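The next block holds one structure in the form of structure tokens; read it before the comments.
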Amino acid sequence: MAPGVLVEEAQSAAPSAPAAFKHKNAYHNTDAPRDIFPDGIRTSGQHAPLYDVLKPYSEFPKEISGPTVWKRDDFVNNPERWVHPFTDEEVQELSDAADAFISSGTPLTGISQGNFPLPKLGKVLQNLRDDLLNGKGFILFKRFPADIWGAEKNAVAYMGLGTYLGYFISQNGRGHVLGHVKDVGDDPTQIHTVRIYRTAARQFFHADDGDIVGLLCVHRAQEGGESDIVSVHNVWNTLQKEHPDVAELLTKPIWYFDRKGEVSEGQEEWIRQPIVYIENGGKGRLYCKWDPYYVKSLTRFSDKGLIPALSEEQLRAMQILEETCQRLALHMVLEVGDIQFLSNAHLLHARTAYRDFAPPAPRRHLLRLWLSTPESEGGWALPMPDSNEKKRGGIQVNNTPPKAPLDAE
């Protein structure tokens, strides 16, 4: 599927461009007009996979080994292996960089490593980036002073920190590169239009449309809203032993994912794809792309015969996948000032339902980042047409400019 046009004037795509990008009236996403995209880079958006490079089940591993395969017991009583409390020196470096950035008057959507220098913490973050991509796939920072700094400084310091892990990408059709996980009163039963992060409902195990997801806790709920994560590779090994038929079904491109109306001109309202893939080159690792809400919400199309309805085998596979994730997951509670970064390639994450404090107490509020790690900069070799794009993945609707609101909209 082609991403939406960038400008009105016609400019042909280069002959060597992937087929998905050969469309009329387009610039390359890394040469986007700066009056719309301050850093000159446009989020690539959602795409169908490259169907001709998808691997058959026979080429998938029967068992995966290595640092991406971990079990709850490896970490539950060993927080030193996955928790990094910011030191006073690191907090001061973040504070100084945020103050300087705010004083510069640069829009938040223009933040980068270049204008947010972290000479010491930046080296720590780059080492952690490798562990996110190629190791256990998660880290929990503590002691970010979210309850001391105001909304603007929190956002600047958080986004600046994120630039050392990846390129921020749009998370919705409104161009939000700084997201807000907060109950804004949307109806969670209307899953064909509502994004669950804007409700207090439970989120089942899923991965987001970016290579890395970050969550900064600004306010906690009165009850619930707790986090669970699981190694996709441990789940895969378990399915191979217990339900190999389910594992095979997950590799087939028979799963339709809803776009929930967040589409550019000329795009379809859904994408057909597998749930698990093998890298297109790279290290040949197993990669997962999954969110049950996005396959359950398509009845408005299947009822019209436009796409197939979910089969009994698919419904069973979804249930077994969720139950397996729950059984193997590591549970954690995010306190105010905690930042969780997760890989979306080889982890799935979930959230329990929650209940907020009564007004005037603030509602549960997490700041969210989706970060891209392109193949050319050490990211996974995805079987997607935008694998080498700097801001691959995400959700981009036409020329919607990036926005970094300081609260939910």
Side-chain angles (χ1 to χ4, degrees), residues 1-50 53 106-116 122 126 129 133 159-160 162-178 208-214 262-267 279-282 344-345 369-404:
M1 282 182 255
V5 298
L6 292 179
V7 291
E8 295 300 323
E9 294 82 2
Q11 177 169 318
S12 299
S16 60
F21 299 126
K22 290 181 180 178
H23 58 94
K24 197 175 180 181
N25 303 329
Y27 285 109
H28 196 277
N29 287 325
T30 55
D31 189 27
R34 288 182 177 268
D35 60 330
I36 303 175
F37 304 93
D39 59 4
I41 311 173
R42 177 180 181 268
T43 295
S44 175
Q46 296 173 308
H47 301 278
L50 299 170
V53 303
T106 305
L108 188 47
T109 52
I111 200 167
S112 67
Q113 289 186 32
N115 56 30
F116 197 87
Q126 287 171 351
R129 180 183 186 272
L133 296 178
M159 286 191 69
T163 65
Y164 287 80
L165 300 176
Y167 298 94
F168 57 79
I169 55 177
S170 173
Q171 303 175 29
N172 57 31
R174 287 174 287 180
H176 290 175
V177 295
L178 179 63
D208 297 311
D209 277 318
D211 296 303
I212 293 172
V213 57
E262 295 179 313
V263 298
S264 294
E265 183 180 352
Q267 292 183 330
E279 279 187 283
N280 183 27
N344 276 313
L369 291 176
W370 284 2
L371 302 171
S372 164
T373 58
E375 185 179 341
S376 58
E377 297 182 26
W380 287 40
L382 305 184
M384 299 288 175
D386 62 345
S387 186
N388 282 300
E389 293 273 335
K390 284 190 180 296
K391 293 190 176 184
R392 66 184 188 181
I395 298 172
Q396 180 69 43
V397 174
N398 296 315
N399 268 350
T400 303
K403 296 177 63 179

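Worth saying up front: this structure is predicted, and the values here are computed from it rather than measured. Heads up: numbering here begins at 1 and tracks the sequence.
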Over all atoms of both residues, closest heavy-atom pair of [X] and [Y]:
| X | Y | value |
| --- | --- | --- |
| Ala32 | Phe37 | CB-CD1, 3.6 Å |
| Ser264 | Asn398 | OG-N, 2.7 Å |
| His47 | Asp386 | CD2-OD2, 3.4 Å |
| Ile169 | Arg392 | CD1-O, 3.6 Å |
| Met159 | Leu108 | SD-CG, 3.5 Å |
| Ser387 | Trp380 | OG-O, 3.7 Å |

Please confirm whether the backbone N or O of [Y] pairs with a side-chain atom of [X], one donor and one acceptor, at under 3.5 Å?
| X | Y | value |
| --- | --- | --- |
| Glu262 | Asn172 | no |
| Gln171 | Val177 | yes |
| Asn29 | Gly45 | no |
| Glu265 | Gln267 | no |

Original post:
Given side chains that start at C-beta, do those of Pro374 and Asn388 come closer than 4.5 Å, heavy atoms only?
Top reply: no
**OP:** Decide yes or no for Tyr164 and Arg129: does some side-chain heavy atom of the first lie under 4.5 Å from some side-chain heavy atom of the second?
**Re:** no
Enter the distance from [X]:[atom1] to [Y]:[atom2] here, rounded to the nearest 0.5 Å.
| X | Y | atom1 | atom2 | value |
| --- | --- | --- | --- | --- |
| Leu165 | Leu133 | CG | CG | 8.5 Å |
| Glu389 | Met384 | CD | CE | 13.5 Å |
| Asp208 | Ile395 | CG | CD1 | 9.0 Å |
| Leu178 | Ile111 | CG | CD1 | 10.0 Å |
| Phe168 | Leu371 | CZ | CG | 9.5 Å |
| Arg42 | Ile36 | CZ | CD1 | 9.0 Å |

Original post:
What salt bridge (Lys or Arg N to Asp or Glu O under 4.0 Å) pairs are there with at least one residue in residues 369-383, not counting sequence neighbours?
Top reply: Glu377-Lys390
